[in-house]
Amino acid sequence: MEARVAGERPTTVAQLPGGPVEYWLSAGEGPVALILHGGHMRAGLPLGEEVFEEAGMRVLTPSRPGYGRTPLETGPSPAAFADVIRDLCAELGITGLQAAVGISAGGPTAVAMAARHPGLVRRLILESAVGPLPWPGRLTRLLGGTLFHPKFEKATWSAMHVLARKAPNSALRSLMRDLSLRPAREVVGALDSDDRRRALKLLSAMQSGAGFSNDLRFLAQGATDAATVSQPALVIATVEDGSVPIAHARATADAMPRARLVTTQADSHFIWFGRDYARVASQIRAFLAVPL
C-alpha cells in the first residue's frame with residue numbers, strides 16, 4: 001500500500017463481489033465520467049480530470065488492480081476489472097457513464113468497459129492509450145519488469161522522488177527520456193512554470209505497487225475489444241509519444257466504427273502538459289456536448 005502524499009485526494013475502498021476497489025468520486029450531482037489512469041498512478045492522484053469537471057461532470061477514478069489500495073486479485077485483466085467497475089457503479093448508484101476515459105495503460109480497460117457494458121458507457125475517450133498492438137517494446141519490458149518489479153519498485157521510486165526534490169530538472173529529463181521521441185532537454189525546456197510544477201508533483205507521488213508488472217503481463221500480447229465498441233469514440237495521441245507509439249491510436253481508431261483520431265502537438269506522452277492541450281480540451285468538450 002502506498003503512503004498518501006501531500007495534496008493527494010482522500011479515497012474510499014468499496015468491498016465488491018470481485019474484491020476491494022479503491023476509488024475517488026468528486027462531489028456533486030452531475031453526470032459521471034469514469035477515468036482509468038495508466039501505469040504508476042492511483043485514484044488519489046489527479047491527471048486530466050479538469051476538462052470533465054469544467055463540463056459539469058463528476059469524476060469517478062478507481063485504482064486499477066495492483067495500484068493503491070486495489071489488490072492485484074481484484075479483476076487483474078482489463079476485461080475482469082471492467083466487470084468489477086460495473087459493480088462499483090451499481091454500488092454507487094451510477095446508472096450511466098457519460099464517458100469512459102482510458103489513459104495510457106488504462107486504455108484497454110476503458111475499451112473493455114465500452115465493449116462489455118454498452119448500456120452503461122455512452123462514449124469512449126482514449127488519451128495516449130495502449131491499443132491492440134503488443135506493448136511495450138522488448139527493451140522497455142525487460143527494464144521495466146526489473147525496475148518496477150514489486151520487489152524493487154519502492155527503491156526505484158524512492159530514488160526518483162529524492163531526485164525530484166534535489167535536482168528537479170534532472171528528474172524531469174529522466175522522466176521525459178522515456179515519454180518522448182524528442183530530446184528530453186528540449187521537452188523539459190518547453191514546459192512553462194505551471195506545467196513543470198504539475199509534472200514534478202506527479203512524479204514525486206508515483207508508485208507502481210504490483211500494478212505495473214501486471215500491466216506488462218496482460219498488455220504484452222496486444223489485442224483489445226476495440227472492434228466490438230459501438231459507441232462514439234475520441235482517440236487522442238501525439239506522434240512524439242515515446243511510451244505508447246501513435247500506431248496504437250491509429251490501430252484503435254481504425255478498429256472502431258465510430259472513432260475519430262485527434263493528433264495533438266504535445267511533445268510527450270503527457271499530452272496535458274504543453275500549449276496544445278487547450279485545443280485538445282476544447283475538442284473533448286465538443287465531443288462530450290454532442291447529443292446521443
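On a predicted model such as this, the values are computed, not experimentally measured, just so you know. For the numbers below, each heavy atom of this structure counts, side chains included, while hydrogens, waters and symmetry mates do not.
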Sorted by first residue and then second, give each ring-ring contact (aromatic ring centres under 6.0 Å, His included) pair with at least one member in residues 180-200; sequence neighbours left out.
none
Side-chain heavy atoms of Met160 within contact of Leu147, under 4.5 Å
no
How close do Leu181 and Gly242 get, heavy atom to heavy atom, and via which atoms?
CD2-CA, 3.8 Å
Under the side chain to side chain contact (heavy atoms under 4.5 Å, CB included) criterion, do Leu202 and Met41 qualify, and how do the steps go?
CA-CA 9 Å; Leu202 191 65; Met41 294 284 291; 3.6 Å; yes
Side chain to side chain contact (heavy atoms under 4.5 Å, CB included) evaluation trace for Val187 with Glu240:
CA-CA 10 Å; Val187 176; Glu240 302 294 354; over 6 Å; no
So does Glu49 get a backbone contact from the side chain of Trp272, meaning a donor-acceptor N/O pair under 3.5 Å?
no
Val262 vs Phe287 side-chain heavy atoms within contact, under 4.5 Å
no
Would you indicate whether Arg279, at its atom CZ, is surrounded by more than 12 heavy atoms from other residues, nucleotides or ligands within a distance under 6.0 Å?
yes
Should Pro62 and Thr70 count as side-chain neighbours, where that means a heavy-atom distance under 4.5 Å?
no
Filter on ring-ring contact (aromatic ring centres under 6.0 Å, His included), then keep only pairs touching residues 26-60, sequence neighbours left out; what's left?
His40-Phe148, His40-Trp157, His40-Phe212
Do the non-hydrogen side-chain atoms of Leu60 and Tyr23 ever get within less than 4.5 Å of each other?
yes
Quick check: does any side chain N or O of Thr74 sit under 3.5 Å from a backbone N or O of Pro20, one acting as donor and the other as acceptor?
yes
Shortest non-hydrogen pair, Pro65 vs Gly75, comes out as CG-O, 3.1 Å
Taking the side chain as every heavy atom from C-beta outward, state whether Asp194 and Arg198 have any atom pair closer than 4.5 Å.
yes
Here the pair of heavy atoms bringing Thr252 nearest to Gly131 is OG1-CA, 3.4 Å
Could you note down all residue pairs passing ring-ring contact (aromatic ring centres under 6.0 Å, His included) where residues 177-209 supplies at least one of them, sequence neighbours left out?
none
Give a yes or no on whether the backbone of Ala43 and the side-chain of Arg9 come within a donor-acceptor separation of less than 3.5 Å.
yes
Is it the case that more than 12 heavy atoms not belonging to Arg275 sit under 6.0 Å from its CZ atom?
no
Set out, in order, the CA-CA distance, both residues' side-chain angles and the distance that settles salt bridge (Lys or Arg N to Asp or Glu O under 4.0 Å) for Arg116 and Asp83, then state yes or no.
CA-CA 8 Å; Arg116 296 171 69 85; Asp83 292 346; 2.7 Å; yes
Return the minimal non-hydrogen interatomic distance between Val244 and Ala129, and the atom names on each side.
CG1-O, 3.4 Å
Min side-chain heavy-atom separation Ser128-Ser243 under 4.5 Å
no
Heavy-atom check, side chain of Arg42 versus side chain of Thr61, under 4.5 Å:
no
Side chain to side chain, Val101 and Ile284, heavy atoms closer than 4.5 Å
no
Could you give all pairs that pass the ring-ring contact (aromatic ring centres under 6.0 Å, His included) test and reach residues 93-114, with sequence neighbours left out?
none
Those residues that, when tested against Arg141, pass side chain to side chain contact (heavy atoms under 4.5 Å, CB included) (two or more places apart)
Pro136, Arg138, Ala220
Considering all heavy atoms of both residues, which atom of Leu191 and which atom of Arg196 are nearest to each other, and what is their separation?
O-NH2, 3.8 Å
Test of understanding: with side chain to side chain contact (heavy atoms under 4.5 Å, CB included), list the residues that count as partners of Ala253, not counting sequence neighbours.
Val235, Ala259, Leu261
Determine the interplanar angle of the Phe273 and Phe270 rings, folded into 0 to 90°, and report it as parallel if under 30°, tilted if 30 to 60°, perpendicular if over 60°.
perpendicular
